[in-house]
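Throughout, protein chains are lettered first and strands after them, A, B, ... in sequence-line order, and every chain is numbered starting at 1. In what follows, every heavy atom counts, from backbone to side chain, and hydrogens, waters and symmetry copies are set aside. Because the structure is a prediction, the values reported are computed rather than measured.
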Protein chains: 2
Amino acid sequence: MKENCRPTNPGDTCAVKGIHRNVINSVKQKMPESVALFELSDFFKLFGDSTRLGIIWALSESEMCVCDLCALLKMKQPAVSHQLKNLKQTRVVKSRRDGKVVYYSLDDEHISKLLKMGMDHISES
Amino acid sequence: MKENCRPTNPGDTCAVKGIHRNVINSVKQKMPESVALFELSDFFKLFGDSTRLGIIWALSESEMCVCDLCALLKMKQPAVSHQLKNLKQTRVVKSRRDGKVVYYSLDDEHISKLLKMGMDHISES
DNA sequence: AATTCATATTAACATATGTTCATATAAGCA
DNA sequence: TGCTTATATGAACATATGTTAATATGAATT
(Lines give C-alpha, C1' and ligand atoms only; values in the text may rest on other atoms or scores of the structure.)
Protein backbone atom coordinates (compact mmCIF):
# COMPACT_ATOMS: atom_id res chain seq x y z
CA MET A 1 0.00 0.00 0.00
CA LYS A 2 1.32 3.39 -0.89
CA GLU A 3 1.81 6.24 1.48
CA ASN A 4 -0.75 8.64 0.13
CA CYS A 5 -1.22 11.04 2.92
CA ARG A 6 -1.09 14.71 2.67
CA PRO A 7 -1.02 16.63 5.94
CA THR A 8 -3.34 19.63 6.01
CA ASN A 9 -1.97 20.95 9.27
CA PRO A 10 1.24 20.03 10.96
CA GLY A 11 0.30 16.98 13.01
CA ASP A 12 -2.64 16.20 10.81
CA THR A 13 -1.75 13.24 8.71
CA CYS A 14 -3.96 10.68 7.11
CA ALA A 15 -3.79 7.24 5.49
CA VAL A 16 -3.16 4.70 8.18
CA LYS A 17 -1.92 7.49 10.36
CA GLY A 18 -5.09 9.38 11.09
CA ILE A 19 -6.32 12.79 10.02
CA HIS A 20 -7.44 14.18 13.34
CA ARG A 21 -4.56 13.77 15.72
CA ASN A 22 -6.28 15.55 18.56
CA VAL A 23 -9.33 13.31 18.41
CA ILE A 24 -7.17 10.23 18.24
CA ASN A 25 -5.12 11.22 21.25
CA SER A 26 -8.13 12.21 23.27
CA VAL A 27 -9.94 8.95 22.57
CA LYS A 28 -6.82 6.93 23.14
CA GLN A 29 -6.71 8.08 26.74
CA LYS A 30 -10.28 6.96 27.30
CA MET A 31 -9.84 3.53 25.78
CA PRO A 32 -9.69 0.55 28.14
CA GLU A 33 -6.55 -1.53 28.34
CA SER A 34 -6.42 -3.95 25.46
CA VAL A 35 -6.53 -6.79 27.95
CA ALA A 36 -9.83 -5.45 29.24
CA LEU A 37 -11.19 -5.26 25.71
CA PHE A 38 -10.34 -8.90 25.23
CA GLU A 39 -12.06 -9.90 28.43
CA LEU A 40 -15.07 -7.80 27.60
CA SER A 41 -15.40 -9.23 24.12
CA ASP A 42 -15.09 -12.73 25.53
CA PHE A 43 -17.89 -11.86 27.87
CA PHE A 44 -20.16 -10.54 25.14
CA LYS A 45 -19.26 -13.48 22.96
CA LEU A 46 -21.23 -15.65 25.35
CA PHE A 47 -24.40 -13.84 24.29
CA GLY A 48 -23.50 -14.14 20.64
CA ASP A 49 -24.71 -17.65 20.10
CA SER A 50 -28.42 -18.34 19.83
CA THR A 51 -28.42 -21.64 21.66
CA ARG A 52 -26.38 -20.22 24.51
CA LEU A 53 -28.57 -17.16 24.53
CA GLY A 54 -31.55 -19.48 24.81
CA ILE A 55 -30.01 -21.04 27.88
CA ILE A 56 -29.28 -17.68 29.41
CA TRP A 57 -32.75 -16.38 28.74
CA ALA A 58 -34.34 -19.50 30.18
CA LEU A 59 -32.26 -19.20 33.33
CA SER A 60 -33.25 -15.58 33.62
CA GLU A 61 -36.80 -16.82 34.05
CA SER A 62 -36.13 -19.67 36.42
CA GLU A 63 -33.52 -21.92 37.90
CA MET A 64 -33.38 -25.07 35.82
CA CYS A 65 -31.55 -28.36 35.69
CA VAL A 66 -29.58 -29.60 32.72
CA CYS A 67 -32.20 -32.10 31.78
CA ASP A 68 -34.96 -29.50 31.69
CA LEU A 69 -32.89 -27.22 29.53
CA CYS A 70 -32.41 -30.06 27.09
CA ALA A 71 -36.14 -30.55 26.88
CA LEU A 72 -36.97 -26.87 26.65
CA LEU A 73 -34.41 -26.04 24.00
CA LYS A 74 -34.45 -29.37 22.23
CA MET A 75 -30.72 -29.75 22.55
CA LYS A 76 -28.59 -32.78 23.25
CA GLN A 77 -27.37 -33.09 26.78
CA PRO A 78 -23.65 -32.82 26.07
CA ALA A 79 -24.25 -29.68 24.08
CA VAL A 80 -26.08 -28.09 26.98
CA SER A 81 -23.42 -29.15 29.46
CA HIS A 82 -20.69 -27.71 27.29
CA GLN A 83 -22.35 -24.35 27.07
CA LEU A 84 -23.10 -24.34 30.77
CA LYS A 85 -19.45 -24.96 31.43
CA ASN A 86 -18.52 -21.91 29.38
CA LEU A 87 -21.10 -19.83 31.15
CA LYS A 88 -19.95 -21.00 34.53
CA GLN A 89 -16.29 -20.30 33.90
CA THR A 90 -17.15 -16.71 33.12
CA ARG A 91 -19.47 -16.41 36.11
CA VAL A 92 -22.56 -15.79 34.07
CA VAL A 93 -24.12 -18.82 35.67
CA LYS A 94 -23.84 -20.64 38.95
CA SER A 95 -24.84 -24.14 39.92
CA ARG A 96 -25.96 -26.12 42.92
CA ARG A 97 -26.20 -29.83 43.24
CA ASP A 98 -29.11 -31.68 44.75
CA GLY A 99 -28.48 -35.39 44.58
CA LYS A 100 -27.96 -36.37 41.02
CA VAL A 101 -29.49 -33.22 39.68
CA VAL A 102 -27.51 -30.03 39.08
CA TYR A 103 -29.48 -26.81 39.02
CA TYR A 104 -28.25 -23.75 37.20
CA SER A 105 -29.20 -20.14 37.60
CA LEU A 106 -27.88 -16.73 36.65
CA ASP A 107 -25.03 -15.59 38.83
CA ASP A 108 -25.82 -11.94 38.52
CA GLU A 109 -28.70 -9.53 38.11
CA HIS A 110 -26.84 -7.55 35.49
CA ILE A 111 -27.24 -10.38 33.07
CA SER A 112 -30.99 -10.20 32.66
CA LYS A 113 -30.79 -6.43 32.37
CA LEU A 114 -28.35 -6.87 29.54
CA LEU A 115 -30.72 -9.27 27.84
CA LYS A 116 -33.64 -6.89 28.05
CA MET A 117 -31.56 -3.97 26.86
CA GLY A 118 -30.40 -5.89 23.85
CA MET A 119 -33.93 -6.96 23.08
CA ASP A 120 -35.13 -3.38 23.38
CA HIS A 121 -32.56 -2.29 20.88
CA ILE A 122 -33.42 -4.79 18.19
CA SER A 123 -37.11 -4.24 18.79
CA GLU A 124 -36.97 -0.55 17.94
CA SER A 125 -36.54 -1.13 14.28
CA MET B 1 -41.21 -28.95 43.40
CA LYS B 2 -38.36 -31.29 43.29
CA GLU B 3 -38.94 -34.77 42.05
CA ASN B 4 -36.76 -37.54 40.92
CA CYS B 5 -36.32 -38.61 37.41
CA ARG B 6 -39.13 -41.02 37.71
CA PRO B 7 -42.14 -40.22 35.56
CA THR B 8 -45.03 -39.15 37.75
CA ASN B 9 -47.38 -38.85 34.84
CA PRO B 10 -47.26 -40.42 31.45
CA GLY B 11 -45.35 -37.92 29.40
CA ASP B 12 -43.22 -36.92 32.35
CA THR B 13 -39.97 -38.59 31.67
CA CYS B 14 -36.44 -37.48 32.13
CA ALA B 15 -33.31 -38.10 30.14
CA VAL B 16 -33.47 -35.67 27.31
CA LYS B 17 -37.10 -34.95 28.02
CA GLY B 18 -37.00 -32.94 31.21
CA ILE B 19 -37.75 -33.65 34.81
CA HIS B 20 -39.79 -30.65 35.82
CA ARG B 21 -42.59 -30.34 33.33
CA ASN B 22 -44.22 -27.41 35.04
CA VAL B 23 -41.05 -25.36 35.06
CA ILE B 24 -40.40 -26.14 31.45
CA ASN B 25 -43.86 -25.12 30.36
CA SER B 26 -43.82 -21.96 32.40
CA VAL B 27 -40.47 -20.88 31.03
CA LYS B 28 -41.42 -21.85 27.53
CA GLN B 29 -44.18 -19.28 27.53
CA LYS B 30 -41.77 -16.55 28.55
CA MET B 31 -39.17 -17.39 25.94
CA PRO B 32 -38.84 -15.07 22.96
CA GLU B 33 -39.60 -16.36 19.49
CA SER B 34 -36.66 -18.29 18.18
CA VAL B 35 -36.32 -15.75 15.41
CA ALA B 36 -35.89 -13.06 18.03
CA LEU B 37 -33.22 -15.11 19.76
CA PHE B 38 -31.33 -15.33 16.50
CA GLU B 39 -31.53 -11.61 15.94
CA LEU B 40 -30.52 -10.90 19.49
CA SER B 41 -27.53 -13.22 19.36
CA ASP B 42 -26.48 -11.68 16.07
CA PHE B 43 -26.64 -8.32 17.77
CA PHE B 44 -24.54 -9.41 20.74
CA LYS B 45 -22.14 -11.16 18.40
CA LEU B 46 -21.05 -7.73 17.25
CA PHE B 47 -19.66 -7.04 20.69
CA GLY B 48 -17.96 -10.40 20.82
CA ASP B 49 -14.89 -9.49 18.85
CA SER B 50 -12.16 -7.43 20.45
CA THR B 51 -11.27 -5.38 17.40
CA ARG B 52 -14.89 -4.55 16.69
CA LEU B 53 -15.41 -3.81 20.35
CA GLY B 54 -12.47 -1.45 20.12
CA ILE B 55 -14.18 0.39 17.30
CA ILE B 56 -17.44 0.56 19.20
CA TRP B 57 -15.78 1.81 22.34
CA ALA B 58 -13.85 4.44 20.44
CA LEU B 59 -17.03 5.67 18.76
CA SER B 60 -18.72 5.82 22.13
CA GLU B 61 -16.16 8.46 23.04
CA SER B 62 -16.24 10.47 19.84
CA GLU B 63 -17.29 10.52 16.25
CA MET B 64 -14.37 9.38 14.15
CA CYS B 65 -13.47 8.81 10.54
CA VAL B 66 -12.22 5.52 9.15
CA CYS B 67 -8.71 6.77 8.85
CA ASP B 68 -8.55 7.86 12.48
CA LEU B 69 -9.86 4.51 13.62
CA CYS B 70 -7.10 2.83 11.67
CA ALA B 71 -4.52 4.94 13.41
CA LEU B 72 -6.03 4.56 16.85
CA LEU B 73 -6.52 0.82 16.71
CA LYS B 74 -3.56 0.04 14.49
CA MET B 75 -5.71 -1.81 12.03
CA LYS B 76 -5.60 -1.95 8.27
CA GLN B 77 -8.15 0.20 6.49
CA PRO B 78 -10.06 -2.63 4.79
CA ALA B 79 -10.43 -4.39 8.10
CA VAL B 80 -11.91 -1.30 9.71
CA SER B 81 -14.25 -0.67 6.80
CA HIS B 82 -15.36 -4.25 6.87
CA GLN B 83 -16.28 -4.11 10.52
CA LEU B 84 -17.97 -0.78 10.12
CA LYS B 85 -20.13 -2.27 7.43
CA ASN B 86 -21.29 -4.97 9.81
CA LEU B 87 -21.99 -2.43 12.49
CA LYS B 88 -23.90 -0.20 10.15
CA GLN B 89 -26.08 -2.96 8.78
CA THR B 90 -27.23 -3.75 12.28
CA ARG B 91 -27.73 -0.10 13.15
CA VAL B 92 -25.11 -0.02 15.84
CA VAL B 93 -23.35 2.71 13.96
CA LYS B 94 -24.32 5.47 11.60
CA SER B 95 -22.25 7.48 9.17
CA ARG B 96 -22.16 10.86 7.55
CA ARG B 97 -20.03 11.97 4.67
CA ASP B 98 -18.08 15.19 4.50
CA GLY B 99 -16.26 15.38 1.22
CA LYS B 100 -14.02 12.40 0.93
CA VAL B 101 -14.13 11.65 4.61
CA VAL B 102 -16.80 9.46 6.18
CA TYR B 103 -17.45 9.95 9.86
CA TYR B 104 -18.93 7.24 12.01
CA SER B 105 -20.69 7.45 15.32
CA LEU B 106 -22.92 5.30 17.50
CA ASP B 107 -26.48 5.15 16.30
CA ASP B 108 -27.95 4.70 19.72
CA GLU B 109 -27.46 5.62 23.35
CA HIS B 110 -28.20 2.08 24.47
CA ILE B 111 -24.94 0.93 23.00
CA SER B 112 -22.63 2.77 25.34
CA LYS B 113 -24.77 1.76 28.29
CA LEU B 114 -24.34 -1.84 27.23
CA LEU B 115 -20.60 -1.36 27.06
CA LYS B 116 -20.39 0.09 30.53
CA MET B 117 -22.63 -2.59 31.95
CA GLY B 118 -20.50 -5.31 30.50
CA MET B 119 -17.36 -3.68 31.79
CA ASP B 120 -18.89 -3.39 35.23
CA HIS B 121 -19.64 -7.07 35.24
CA ILE B 122 -16.17 -8.25 34.38
CA SER B 123 -14.66 -5.72 36.76
CA GLU B 124 -16.40 -7.15 39.79
CA SER B 125 -14.22 -10.16 39.94
C1' DA C 1 -11.85 15.12 -17.69
C1' DA C 2 -7.97 13.40 -15.22
C1' DT C 3 -5.91 12.61 -11.00
C1' DT C 4 -5.61 11.87 -6.18
C1' DC C 5 -7.09 9.99 -2.07
C1' DA C 6 -10.45 8.24 1.51
C1' DT C 7 -13.28 4.58 1.74
C1' DA C 8 -15.69 0.30 0.09
C1' DT C 9 -15.91 -4.31 -1.74
C1' DT C 10 -14.73 -9.03 -3.13
C1' DA C 11 -12.90 -13.52 -2.72
C1' DA C 12 -9.44 -16.55 -0.70
C1' DC C 13 -7.52 -17.92 3.36
C1' DA C 14 -6.86 -18.92 8.33
C1' DT C 15 -8.65 -19.59 12.63
C1' DA C 16 -11.99 -19.81 16.22
C1' DT C 17 -16.08 -21.90 17.90
C1' DG C 18 -20.03 -25.01 18.30
C1' DT C 19 -21.67 -29.74 17.74
C1' DT C 20 -21.32 -34.51 18.02
C1' DC C 21 -20.10 -39.17 19.52
C1' DA C 22 -18.13 -41.91 22.73
C1' DT C 23 -17.06 -42.28 27.20
C1' DA C 24 -16.20 -40.89 32.10
C1' DT C 25 -17.76 -39.30 36.60
C1' DA C 26 -20.75 -38.90 40.55
C1' DA C 27 -24.85 -39.82 43.16
C1' DG C 28 -28.81 -42.59 44.60
C1' DC C 29 -30.92 -47.06 45.21
C1' DA C 30 -31.47 -52.28 45.21
C1' DT D 1 -21.25 -53.88 45.94
C1' DG D 2 -23.60 -53.63 41.33
C1' DC D 3 -26.92 -50.99 38.55
C1' DT D 4 -29.27 -46.95 36.90
C1' DT D 5 -29.40 -42.14 36.05
C1' DA D 6 -28.02 -37.20 35.58
C1' DT D 7 -24.29 -34.67 34.30
C1' DA D 8 -19.46 -33.86 32.68
C1' DT D 9 -15.54 -34.37 29.64
C1' DG D 10 -12.42 -35.18 25.42
C1' DA D 11 -11.41 -35.35 20.76
C1' DA D 12 -12.83 -35.23 15.94
C1' DC D 13 -15.41 -32.86 12.86
C1' DA D 14 -17.99 -29.11 10.58
C1' DT D 15 -19.01 -24.52 10.10
C1' DA D 16 -18.97 -19.71 10.98
C1' DT D 17 -16.34 -15.61 11.25
C1' DG D 18 -12.44 -12.38 10.93
C1' DT D 19 -8.40 -11.06 8.23
C1' DT D 20 -5.99 -10.20 4.23
C1' DA D 21 -4.70 -8.70 -0.44
C1' DA D 22 -6.13 -6.96 -4.61
C1' DT D 23 -9.15 -4.00 -6.61
C1' DA D 24 -13.11 -0.90 -7.16
C1' DT D 25 -15.82 3.25 -6.08
C1' DG D 26 -16.80 7.98 -5.40
C1' DA D 27 -15.76 12.72 -4.19
C1' DA D 28 -12.85 16.74 -4.61
C1' DT D 29 -9.29 19.33 -6.73
C1' DT D 30 -6.67 20.68 -10.68
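In terms of phosphate contacts, B:Q83 brings a side-chain nitrogen or oxygen within less than 4.0 Å of OP1 or OP2 of D:dT19. Checking the phosphate oxygens (OP1, OP2) of D:dA21, a side-chain nitrogen or oxygen of B:K76 falls inside 4.0 Å. OP1 or OP2 of D:dT19 lies within a sub-4.0 Å distance of a side-chain N or O belonging to B:T51.
Within the structure, the salt bridge (charged side-chain N to carboxylate O under 4.0 Å, His left out) test picks out the following pairs touching residues 42-52 of chain A (sequence neighbours left out): A:D42-A:K45.
Summarising the geometry, atom CZ belonging to B:R96 is positioned 12.0 Å from atom OH belonging to B:Y104; distances are rounded to the nearest 0.5 Å. Taking CZ from B:R91 and CG from B:L46, the interatomic distance works out to 11.0 Å, rounded to the nearest 0.5 Å. Once rounded to the nearest 0.5 Å, the distance linking NZ of B:K113 with CG of A:D120 reads 10.0 Å. Taking OG of B:S112 as the start and CD of B:E61 as the end, the distance is 9.0 Å to the nearest 0.5 Å.
Remark: P of C:dT17 and CG of A:L46 are 10 Å apart, rounded to the nearest angstrom. Atoms CG (B:D98) and P (C:dT7) sit 11 Å apart, rounded to a whole Å. Nucleotide C:dT7 holds its P atom 13 Å from the CD1 atom of B:I55, rounded to whole Å. Between A:F38 atom CZ and D:dG18 atom P the separation is 14 Å, expressed in whole Å. Here the C1' atom of nucleotide C:dG18 and the CZ atom of A:F47 are 17 Å apart, to the nearest Å. Between A:N86 atom CG and D:dT9 atom P the separation is 11 Å, expressed in whole Å. Going from atom CZ of A:R96 over to atom C1' of D:dT7 covers 15 Å, rounded to whole Å. Between the C1' atom of C:dT17 and the CG atom of A:L53 lies a distance of 16 Å, rounded to the nearest Å.
Using a 4.5 Å cut-off on side-chain heavy atoms (C-beta onward), B:L59 and B:Y103 make no contact. Side-chain contact check for A:V27 versus B:M64: some heavy-atom pair is nearer than 4.5 Å.
For the pair A:D107 (side chain) and A:K94 (backbone), a donor-acceptor distance under 3.5 Å is absent.
Aromatic ring orientation, A:F44 versus B:F44: parallel (interplanar angle below 30°, classes split at 30° and 60°).
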### Task
Let me have a per-nucleotide readout for nucleotides 8-16 of chain C, 5' to 3', with B, S or -, counting only protein heavy atoms under 4.0 Å.
BB-------
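Summary for the helix from C:dA1-D:dT30 to C:dA30-D:dT1: the axes at its two ends, each from 5 pairs, differ by 20° when rounded to the nearest 10 degrees.
Closest to the side chain of B:R52, from the set C:dG18, D:dG18, C:dT7, is D:dG18.
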